[in-house]
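One structure below.
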Amino acid sequence: MLAHKSLLSFTTQWATLMPSPSTFLASRPRGPAKISAVAAPVRPALKHQNKIHTMPPEKMEIFKSLDGWAKDQILPLLKPVDQCWQPASFLPDPALPFSEFTDQVRELRERTASLPDEYFVVLVGDMITEDALPTYQTMINTLDGVRDETGASESAWASWTRAWTAEENRHGDLLRTYLYLSGRVDMLMVERTVQHLIGSGMDPGTENNPYLGFVYTSFQERATFVSHGNTARLAKSAGDPVLARICGTIAADEKRHENAYVRIVEKLLEIDPNGAVSAVADMMRKKITMPAHLMTDGRDPMLFEHFSAVAQRLEVYTADDYADILEFLVGRWRLEKLEGLTGEGQRAQEFVCGLAQRIRRLQERADERAKKLKKTHEVCFSWIFDKQISV
């Protein structure tokens with residue numbers, strides 16, 4: 001396991017280029033090592049001065065004209081319900097005789113006993129992120145031209161959003177039940193954190209604009225694919241193959257959903273290359289804030305940053321992953337090969353195509369400074385009964 005990479009001085013000095021702490025990257029937490037149970041803000045500070053309805057009205061027609069395309073190219077990426085996995089397939093079966101059911105629970109607890117506390121911090125953070133699903137469906141339904149206007153609209157865009165939500169809903173259900181049965185986490189504090197997060201919402205900076213919204217979801221789905229894939233790897237190496245299969249199965253869902261959103265942006269680049277590449281640049285200038293960036297347990301106002309620091313140290317999601325995702329999307333969308341752009345489009349293209357290299361260079365400098373400092377902090381996590389974890 002590589003040493004923890006501090007981003008505090010890096011993000012402070014280079015905030016215009018690098019993701020802020022709320023991008024799910026681990027900046028070095030500041031402040032007291034222990035978090036006391038004093039009153040904290042109900043919601044962490046927002047990151048964006050949100051504009052609203054920034055897509056020109058004439059571009060609404062683009063999305064109306066693409067409804068048939070979405071039906072043919074996006075909806076097939078969903079799976080029929082009877083072909084989808086369900087949480088019950090991975091969990092102890094309560095329909096068994098009581099002794100057999102308790103044997104299965106005992107086996108689950110024996111497997112999870114070998115997992116370190118740091119792993120549970122990351123897994124709980126991932127689970128809480130998944131469990132705030134109502135917020136994400138709400139966000140997508142703010143997007144002009146693709147929202148579900150009636151709650152049961154038959155448009156391809158609305159059908160996708162509802163079915164995507166239904167598939168994603170299984171992720172939090174499965175992880176929460178597994179964590180509950182493990183006995184390794186304080187479910188009261190986990191549940192409070194979920195309630196806080198859903199109540200806080202999210203602040204992605206998408207401005208009701210589907211160009212921005214689908215760039216955001218493309219990046220975010222790949223980020224969760226990476227994160228769940230890495231938690232699967234760690235669970236397997238620590239001796240819990242069932243949890244490894246759970247995390248890997250969730251990662252596969254995220255990859256399939258990523259493919260849908262990436263296809264949408266590809267189509268926008270084909271139809272409106274200037275508008276689409278400008279949207280990519282806009283979101284990258286804002287920095288991609290992960291869905292749970294307003295997370296709090298009611299005690300720790302920096303809970304998301306602390307969780308992210310642990311994820312970075314365990315290499316579940318890192319600054320390098322952020323740059324990797326950007327490079328992947330630039331390549332997948334062939335942004336370097338776009339031609340015939342306006343001046344604004346060319347500037348957006350240049351910015352986005354060079355950004356990953358700049359992030360990596362600046363990260364290398366931050367790593368060198370972190371090696372010289374060699375400082376760590378101990379933080380109490382309420383999710384694991386206030387045990388202290390180095391970040």
Side-chain angles (χ1 to χ4, degrees), residues 52-84 133-134 136-170 204 206-222 224-225 252-283 328-335 337-342 345 348-349 352:
I52 59 172
H53 304 293
T54 57
M55 184 174 69
E58 62 270 17
K59 293 193 176 183
M60 293 277 285
E61 296 302 318
I62 290 177
F63 291 93
K64 291 180 182 178
S65 70
L66 288 177
D67 195 78
W69 173 86
K71 182 177 180 181
D72 293 337
Q73 298 296 320
I74 302 303
L75 294 187
L77 291 171
L78 298 163
K79 288 186 175 182
V81 173
D82 60 1
Q83 295 178 23
C84 283
L133 185 61
Y136 315 144
Q137 184 179 23
T138 299
M139 187 277 283
I140 294 175
N141 275 332
T142 70
L143 302 179
D144 295 330
V146 298
R147 68 171 60 91
D148 188 344
E149 296 285 358
T150 68
S153 169
E154 294 183 357
S155 77
W157 298 112
S159 296
W160 163 263
T161 298
R162 291 194 305 270
W164 169 83
T165 303
E167 289 193 349
E168 289 276 336
N169 186 62
R170 301 165 302 151
T206 48
E207 304 174 4
N208 309 107
N209 186 327
Y211 282 75
L212 301 177
F214 291 134
V215 171
Y216 176 83
T217 52
S218 296
F219 196 105
Q220 182 269 326
E221 291 283 8
R222 188 160 185 86
T224 52
F225 160 68
D253 270 1
E254 304 291 6
K255 178 64 176 175
R256 182 162 46 85
H257 297 159
E258 170 209 323
N259 196 24
Y261 291 120
V262 167
R263 283 189 190 182
I264 294 170
V265 177
E266 282 178 335
K267 190 65 175 177
L268 293 175
L269 284 161
E270 175 188 325
I271 295 172
D272 181 14
N274 285 294
V277 73
S278 295
V280 177
D282 187 351
M283 288 308 302
F328 170 83
L329 292 175
V330 167
R332 172 69 186 266
W333 291 330
R334 301 180 181 178
L335 297 184
K337 298 181 180 180
L338 290 177
E339 297 180 349
L341 298 173
T342 63
Q349 179 187 43
V352 173

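The figures here come from the full heavy-atom set of this structure, side chains too, leaving out hydrogens, waters and symmetry mates.
Residues satisfying the salt bridge (Lys or Arg N to Asp or Glu O under 4.0 Å) test with K71, not counting sequence neighbours, are none. For the side-chain contact (heavy atoms from CB on, under 4.5 Å) test, no residue two or more places apart in sequence or in another chain qualifies with P57. Residues that satisfy the salt bridge (Lys or Arg N to Asp or Glu O under 4.0 Å) test with E258, not counting sequence neighbours, are R222, K255. Partners of Y216 under the ring-ring contact (aromatic ring centres under 6.0 Å, His included) rule, at least two apart in sequence or in another chain, do not exist in this structure. For E270, the side-chain hydrogen bond (donor to acceptor under 3.5 Å, both in side chains) criterion is met by K267, not counting sequence neighbours. Residues passing the salt bridge (Lys or Arg N to Asp or Glu O under 4.0 Å) test with R170 are D253, sequence neighbours excluded. The side-chain hydrogen bond (donor to acceptor under 3.5 Å, both in side chains) test applied to T224 returns E254, not counting sequence neighbours. Considering only residues two or more places apart in sequence or on other chains, W160 meets the side-chain hydrogen bond (donor to acceptor under 3.5 Å, both in side chains) condition with Y261. Residues passing the side-chain contact (heavy atoms from CB on, under 4.5 Å) test with P76, sequence neighbours excluded: none. Applying the salt bridge (Lys or Arg N to Asp or Glu O under 4.0 Å) rule to E266 yields the partners R332; only residues at least two apart in sequence or on another chain are considered.
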Distance-only criterion, 3.5 Å: show the donor-acceptor pairs between side-chain atoms of residues 137-149 and protein atoms not counting sequence neighbours.
| residue | atom | partner | partner atom | Å |
| --- | --- | --- | --- | --- |
| T138 | OG1 | P134 | O | 2.8 |
| N141 | OD1 | D148 | N | 3.0 |
| T142 | OG1 | M139 | O | 2.6 |
| D144 | OD1 | H53 | ND1 | 3.2 |
| D144 | OD1 | R147 | NH1 | 3.4 |
| D144 | OD1 | R147 | NH2 | 2.7 |
| D144 | OD2 | H53 | ND1 | 3.0 |
| R147 | NE | N141 | O | 3.1 |
| R147 | NH2 | T142 | O | 2.7 |
| D148 | OD1 | T150 | N | 3.4 |
| D148 | OD1 | G151 | N | 2.9 |
| D148 | OD1 | A152 | N | 3.4 |
| D148 | OD1 | S153 | N | 3.0 |
| D148 | OD2 | R162 | NH1 | 2.7 |

Solution key, residues 273-283 side-chain donor-acceptor pairs under 3.5 Å, sequence neighbours excluded:
| residue | atom | partner | partner atom | Å |
| --- | --- | --- | --- | --- |
| N274 | OD1 | T342 | N | 2.8 |
| N274 | OD1 | T342 | OG1 | 3.0 |
| S278 | OG | N274 | O | 2.8 |

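Proximity of Y211 to K59: side-chain heavy atoms (C-beta onward) are separated by under 4.5 Å at one or more points. Considering only heavy atoms from C-beta on, W333 comes within 4.5 Å of S218 through its side chain.
Of all the heavy atoms in K79 and E167, the pair that sits closest is N-OE2, 3.0 Å. Smallest separation of non-hydrogen atoms from L341 and L338: CD1-CB, 4.0 Å.
Within the 3.5 Å criterion, the main-chain N or O of I52 finds no donor-acceptor partner in the side chain of N208. Using a distance-only test at 3.5 Å, with no hydrogens or angles considered, no donor-acceptor pair links the side chain of E221 to the main chain of N259.
Taking OG1 of T54 as the reference point, atom CG of N209 lies at 4.0 Å (rounded to 0.5 Å). Note: W69 CH2 to I264 CD1 = 5.5 Å, rounded to the nearest 0.5 Å. With values rounded to the nearest 0.5 angstrom, W164 atom CH2 is found 14.0 Å from I74 atom CD1. Rounding to the nearest 0.5 Å gives a distance of 8.5 Å between CG of L78 and SG of C84.
More than 12 heavy-atom neighbours from other residues, nucleotides or ligands sit within 6.0 angstrom of CD on E58.
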